[in-house]
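Okay, so here's the structure we're looking at.
Heavy-atom basis, side chains included; hydrogens, waters and symmetry copies ignored. Only a predicted model underlies this, so the values are computations on that prediction, with no experimental measurement involved.
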Amino acid sequence: MLTITDNDFLRLVSYVQKNYGIDLSKKRQLITSRLSNTIVAAGFASFSAYIDHIIKTSDKSAVDMMLNKLTTNYTYFLRESSHFDFLKNTILPRLVQQKKNKVLSIWSAGCSSGEEPYTISMVLKDYFGAQAAAWDTRVLATDISQRVLSHAQNATYDPSALENVPNKWKTEYFRKTPDGQYMVAPQIKSNVIFRTFNLMSPIQFKIKFDVIFCRNVMIYFDQATKDALVERFYHATNPGGYLLIGHSESLNKDKLAYKYIMPATYQKT
């Protein structure tokens, strides 16, 4: 395993913090263990040469691989299922009453390999049933990593990712492949729009959102970065809309414009 000098560690931490908002200041061991083999396989003799390459060239594929290695977060369908219950039982009935144009705007920010936005899409399909075609329920799903977005767009998953999925959903919303994997069914897959997006960037989408899912993403950010991102989310949320975060995450109540509803659930009032 390669070793990383204090100077190279600080250079990498500073570069990632400045450009991507991810705080690696306490992740020295993780950096060493997860990147050593990648660095050698890419033909670099040391962390120093690798970091020089990252900083000087901003090689998109190399940066993408690095971020994916350092922020891999195990995910699965129906993770933290209380949010999906709240979506179905509280948010959607309210939106159906309000939305005369029959257009919903839901954003999965930091969607990783796609389980979250596809789960949202299944909840929507299950809720609207035969009326689904009358509504625009397309879900925007973004991530900084093109690598995980490619996996998401491929929409094929190991059975272990579906352990919490009801059998009814497995039958209706998935197709089993010859090698025992599960592929998301076309009517669910086509309802999700995937885009590359850096959450450090200004949020300038054409619409504001009724619901923003940003779960288990801000665990990588320091407090100042989280505060600034949540403020941007607030301005990108429709009045009455919701922000859902991971249950292991917390927000700064002193700077929070959203109203606290219940654990990991906030509303713009």
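Note that NZ of Lys206 and OG of Ser105 are 14.5 Å apart. Values are rounded to the nearest 0.5 Å. Expressed to the nearest 0.5 Å, how far CZ of Phe47 lies from CG of Asp52 amounts to 13.0 Å. A distance of 8.0 Å separates CG of Leu12 from CD1 of Ile54, quoted to the nearest 0.5 Å. If you take OG1 on Thr269 and CD1 on Ile261, they are separated by 8.0 Å, rounding to the nearest 0.5 Å. For the atom pair CZ (Phe213) and CD1 (Ile120), the distance works out to 4.0 Å, reported to the nearest 0.5 Å. Between the CD1 atom of Ile39 and the CD1 atom of Ile4 there is a distance of 7.0 Å, given to the nearest 0.5 Å.
Side-chain atoms of Ser33 come within 3.5 Å of backbone N or O of Gln29 as a donor-acceptor pair. Under the 3.5 Å distance criterion, the side-chain polar atoms of Lys102 are left unmatched by any main-chain donor or acceptor of Asp136. Side chain of Lys100 to backbone of Gln97: a donor-acceptor contact under 3.5 angstrom is found. Without hydrogens or angle criteria, Tyr50 side chain to Thr38 main chain gives no donor-acceptor distance under 3.5 Å. Of the possible polar contacts, none joining the Ser81 side chain to the Leu78 backbone as a donor-acceptor pair under 3.5 Å is found. With hydrogens and angles disregarded, a donor-acceptor distance shorter than 3.5 Å links the side chain of Asp64 to the backbone of Gln146. With hydrogens and angles disregarded, no donor-acceptor distance shorter than 3.5 Å links the side chain of Tyr242 to the backbone of Ile91. Glu249 places a side-chain N or O within donor-acceptor distance of the main-chain N or O of Met218, the cut-off being under 3.5 Å. Side-chain N or O atoms of Thr171 include one that pairs as donor or acceptor with a backbone N or O of Asn167 at under 3.5 Å. In this structure, Asn198 contributes its side chain and Ile144 its backbone to no donor-acceptor pair below 3.5 Å.
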From CA spacing to verdict: ring pair (Phe, Tyr, Trp, His ring centres under 6.0 Å), Phe233, Tyr266: CA-CA 11 Å; Phe233 279 151; Tyr266 301 83; over 10 Å; no
Worked check of side-chain hydrogen bond (donor to acceptor under 3.5 Å, both in side chains) between Asp179 and Thr177: CA-CA 5 Å; Asp179 60 356; Thr177 65; 2.3 Å; yes
Stepwise side-chain contact (heavy atoms from CB on, under 4.5 Å) check, Gln223 with Asn252: CA-CA 8 Å; Gln223 192 61 55; Asn252 185 349; 3.4 Å; yes
Test log, rule side-chain contact (heavy atoms from CB on, under 4.5 Å), inputs Tyr15 and Val63: CA-CA 11 Å; Tyr15 173 81; Val63 171; 3.9 Å; yes
Stepwise side-chain contact (heavy atoms from CB on, under 4.5 Å) test for Leu124 and Trp135: CA-CA 10 Å; Leu124 293 168; Trp135 285 78; over 6 Å; no
Working for side-chain contact (heavy atoms from CB on, under 4.5 Å), residues Ile188 and Lys125: CA-CA 8 Å; Ile188 300 300; Lys125 181 70 173 175; 4.0 Å; yes
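Taking a 6.0 Å sphere around CZ of Arg232, one finds it holds more than 12 heavy atoms contributed by other residues, nucleotides or ligands. Atom CG of Asp59 has more than 12 neighbouring heavy atoms from other residues, nucleotides or ligands inside a 6.0 Å radius. No more than 12 heavy atoms of other residues, nucleotides or ligands sit less than 6.0 Å from atom NZ of Lys26. Within a 6.0 Å sphere centred on CD of Glu231, heavy atoms belonging to other residues, nucleotides or ligands number 12 at most. By the 6.0 Å contact criterion, CE on Met65 is open, its count of non-hydrogen atoms from other residues, nucleotides or ligands being 12 or less.
For the pair Val139/Pro117, a side-chain contact is recorded, criterion being any heavy-atom separation below 4.5 Å from C-beta on. With a 4.5 Å cut-off on side-chain heavy atoms, Leu140 and Phe197 do not count as touching. Residues Ser248 and Asn216 are in side-chain contact: their nearest non-hydrogen atoms beyond the backbone lie under 4.5 Å apart. You'll find the side chain of Val96 reaches within 4.5 Å of the side chain of Phe128, heavy atoms only. Between Thr3 and Thr32 the shortest side-chain heavy-atom distance does not fall below 4.5 Å. For the pair Ser58/Asn19, no side-chain contact is recorded, criterion being any heavy-atom separation below 4.5 Å from C-beta on. When side chains are defined from C-beta on, Ile22 does not count as touching Leu70, because their heavy atoms never get closer than 4.5 Å.
In summary, the side chains of Thr5 and Asp8 do present a donor paired with an acceptor at a separation below 3.5 Å, with no hydrogens or angles considered. No side-chain donor-acceptor contact under 3.5 Å links Asn191 and Gln187. Residues Gln17 and Thr225 have side chains that bring a donor and an acceptor to within less than 3.5 angstrom of each other. Judged by distance alone, the side chains of Ser82 and Glu80 never bring a donor and an acceptor atom under 3.5 Å apart.
In the hydrophobic cluster analysis, where Ile, Leu, Val, Met, Phe, Trp and Tyr join through side-chain heavy atoms closer than 4.5 angstrom, Ile212 is grouped together with Phe205. Grouping the Ile, Leu, Val, Met, Phe, Trp and Tyr side chains by contacts below 4.5 angstrom, directly or via other members, places Leu104 with Phe84. Linking ILVMFWY side-chain heavy atoms closer than 4.5 Å, directly or via other members, places Tyr20 and Leu149 in two distinct hydrophobic clusters.
Residues Glu116 and Arg215 are paired through a salt bridge, judged by an N-O separation under 4.0 Å between the basic side chain and the carboxylate. Checked for salt-bridge contact, Asp6 and Arg28 meet the test: a charged N lies under 4.0 Å from a carboxylate O.
In this structure, Ala45 and Leu2 approach most closely via the heavy-atom pair O-CD2, 4.0 Å. Taking each heavy atom of Ser48 and Arg11 in turn, the nearest pair found is O-NH2, 3.4 Å. When every heavy atom of Arg147 is checked against every heavy atom of Ser61, the shortest pair comes out as NH2-O, 4.4 Å. Taking both residues in full, the closest heavy atoms of Lys88 and Asp126 are given as NZ-OD2, 3.0 Å, listed atom of the first, atom of the second, then distance. Pairing each heavy atom of Cys111 with each of Ser108, the nearest pair is CB-OG, 3.3 Å. Looking at every heavy atom in both residues, Glu115 comes nearest to Ala161 through OE2-CB, 4.4 Å.
With sequence neighbours excluded, the residues that form a side-chain hydrogen bond (donor to acceptor under 3.5 Å, both in side chains) with Tyr258 are Thr237. By the ring-ring contact (aromatic ring centres under 6.0 Å, His included) test, His247 pairs with His83, sequence neighbours left out.
With Phe221 as the fixed residue, the side-chain contact (heavy atoms from CB on, under 4.5 Å) test singles out one of Leu229, Asp23, Val230: Leu229. The side-chain hydrogen bond (donor to acceptor under 3.5 Å, both in side chains) test with Asp210 singles out one residue from Gln98, Lys268, Lys99, Arg94, and that residue is Lys99.
Taking the six-membered ring where the residue is Trp, the centroids of Phe194 and Tyr118 are separated by under 6.0 Å. Proximity of the aromatic rings of Trp169 and Phe77 is defined here by a centroid distance below 6.0 angstrom, and this criterion is not met.
Ring pair His53/Phe44 is tilted by interplanar angle, where 30° to 60° counts as tilted.
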